[in-house]
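Shown next, in structure tokens, is the structure this report addresses.
Quick caveat: nothing in here was measured; it's all calculated off a predicted structure.
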Amino acid sequence: MELRSQVTVWELVLLQSSAVLLSSVPSGPVPAASSVVSESTVSWAAGALAVLRCQSPRMVWTQDRLHDRQRVVHWDLSGRPAGGPARRLIDMYSAGEQRVYEPRDGGRLQLPLSAFRDGNFSLLIRAVEEADAGLYTCNLHHHYCHLFETLAVRLEVTDNPREAGAHWDGEKEVLVVERGSPALLTCVNRAHVWTDRHLEEAQQVVHWDRQPPGVPHDRADRLLDLYASGERRAYGPPFLRDRVAVGADAFARGDFSLRIDPLEPADEGTYSCHLHHHYCGLHERRIFHLTVTEPVAELPPRDSPGNGSSHSGAPGPDPTLERGRSVINVIVPEGRAHFFQQLGYVLATLLLFILLLITVILATRQRRRGGYEYSNKKSGKSKGKDVNMAEFAVATGDQALYRSEDIQLDYKNNILKERAELGHSPLPIKNIDLDREFRKEYCK
């Protein structure tokens with residue numbers, strides 16, 4: 001009788017899960033497409049070390065030394081009518097080991113032993129009690145692939161057989177079960193990551209592509225192929241193949257960053273890092289738009305405080321002569337020394353102006369003195385010559401004109417009459433010595 005009840009229970013399990021299994025199976029193969037995780041623009045100077053960061057902890061490869069215990073399913077119960085915290089009910093590893101946490105649930109709770117082969121992780125409760133009501137969660141963990149999935153089912157217990165059934169409340173399945181009857185909490189996931197076991201190191205691959213400027217994505221050049229087994233393949237043009245590298249422990253650390261050393265202007269383009277983990281269903285792509293700039297001119301060593309030259313005395317190359325469009329801006333701080341320097345310029349200019357003015361004055365006086373000496377010498381030569389006064393005609397027009405009429409005056413005596421006559425008589429001719437007059441004029 002007990003064997004017949006167990007068979008009936010598992011028939012019920014298969015009937016309830018078959019519909020879910022059929023609905024969860026895809027109609028055809030779904031191709032794995034890479035999803036663009038990040039896209040960035042990076043820039044480095046020519047001659048520098050360029051590092052394109054591509055990291056993912058899900059790509060870390062570790063061999064299964066625990067006999068496939070990296071996959072686990074466990075059921076938890078919370079939201080009970082009596083209240084209290086959530087508690088773990090049962091869990092099972094992919095090796096088939098089950099563990100029940102409460103002694104009272106030892107013979108009541110059960111998971112299918114073939115769960116990790118057929119993807120059916122449904123929980124069977126043999127005889128439902130009032131304390132079993134609450135919110136159940138089915139949790140799937142894949143520690144190797146860093147995956148976590150959960151499914152919630154609410155269980156309600158009733159005494160009316162007509163109320164028994166299942167319905168969807170918009171977020172989760174609600175299962176109403178009669179007290180004392182078996183209950184099946186459905187949890188089905190047939191993804192290959194939960195059911196299949198393959199050679200994981202053969203399904204992990206990383207490759208780098210490069211697109212020169214103007215080349216579309218579908219015509220990109222392959223640079224590197226990396227496999228978790230340790231195999232590596234290098235492609236790409238010869239001028240770039242010897243300068244690119246990825247760390248030897250890339251799969252151990254999950255760091256697949258591409259290093260280009262030294263960087264050249266011809267390395268410009270679009271680089272993409274493709275991460276494929278077929279076992280875990282990981283397909284990611286990271287895009288980098290690389291631009292190469294001109295190298296920064298290095299400043300000369302500051303060994304000498306005077307002119308910045310080195311101890312060897314050999315001047316280094318001037319960066320401004322190599323590149324005509326380079327401009328070096330020198331900013332001199334303004335302080336007290338700068339003020340005194342400007343003041344010295346002003347005073348020196350003023351002193352120069354005063355000296356120039358004194359020079360002009362002295363030259364003018366010297367010229368005047370030379371003119372006086374020349375005039376004296378010329379006048380000395382003419383001292384021995386006689387001056388003919390007859391040559392100098394005295395103009396009579398400069399003298400005062402007098403009336404020629406005779407003024408009939410009555411004079412008291414002869415003296416007054418003589419004086420009047422003398423006044424009307426013409427002035428006598430005066431002899432003028434011009435040489436004497438010239439000497440008087442120059443001797444003043």
Side-chain angles (χ1 to χ4, degrees), residues 43 45-48 293-403 419 422-444:
S43 177
T293 60
E294 295 185 0
V296 181
E298 297 182 359
L299 297 177
R302 310 175 73 178
D303 296 334
S304 176
N307 53 4
S309 60
S310 59
H311 292 289
S312 60
D318 190 358
T320 58
L321 298 178
E322 299 178 1
R323 297 183 297 158
R325 58 176 179 274
S326 299
V327 179
I328 299 177
N329 297 326
V330 180
I331 301 176
V332 180
E334 296 186 2
R336 183 174 298 178
H338 179 72
F339 170 75
F340 286 114
Q341 184 181 7
Q342 298 296 331
L343 182 61
Y345 290 155
V346 174
L347 294 179
T349 304
L350 183 61
L351 180 61
L352 182 61
F353 176 75
I354 293 174
L355 291 177
L356 182 62
L357 182 61
I358 293 175
T359 303
V360 172
I361 293 175
L362 293 178
T364 305
R365 294 187 61 181
Q366 186 68 23
R367 187 173 181 179
R368 287 182 179 179
R369 184 175 300 174
Y372 293 156
E373 292 177 357
Y374 175 75
S375 300
N376 291 335
K377 291 179 181 180
K378 187 175 182 180
S379 60
K381 292 179 181 180
S382 60
K383 280 183 179 181
K385 297 181 181 181
D386 296 334
V387 179
N388 188 6
M389 298 303 298
E391 296 178 357
F392 295 93
V394 179
T396 58
D398 295 336
Q399 298 181 2
L401 298 177
Y402 297 94
R403 299 182 190 179
R419 288 181 179 178
L422 183 60
H424 288 85
S425 61
L427 294 176
I429 299 174
K430 184 179 180 179
N431 296 327
I432 299 174
D433 190 355
L434 295 178
D435 293 336
R436 184 181 298 173
E437 293 295 332
F438 286 149
R439 284 192 296 272
K440 288 180 181 180
E441 188 70 23
Y442 285 114
C443 292
K444 286 182 180 181

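The structure places CG of Leu357 at 11.5 Å from CG of Leu352, a figure rounded to the nearest 0.5 Å.
Residues forming a side-chain contact (heavy atoms from CB on, under 4.5 Å) with Leu356 (at least two apart in sequence, or on another chain): none. Take Ala48 and apply the side-chain contact (heavy atoms from CB on, under 4.5 Å) test, not counting sequence neighbours, and it matches no residue. Judged as a side-chain contact (heavy atoms from CB on, under 4.5 Å), and not counting sequence neighbours, the contacts of Ile358 are Ile354, Leu362. Here Thr293 pairs with nothing under the side chain to side chain donor-acceptor pair (under 3.5 Å) rule; sequence neighbours left out.
For residues 345-364, the set of pairs meeting the side-chain hydrogen bond (donor to acceptor under 3.5 Å, both in side chains) definition, not counting sequence neighbours, comprises Gln341-Tyr345.
Smallest separation of non-hydrogen atoms from Ala46 and Pro295: O-CB, 3.7 Å.
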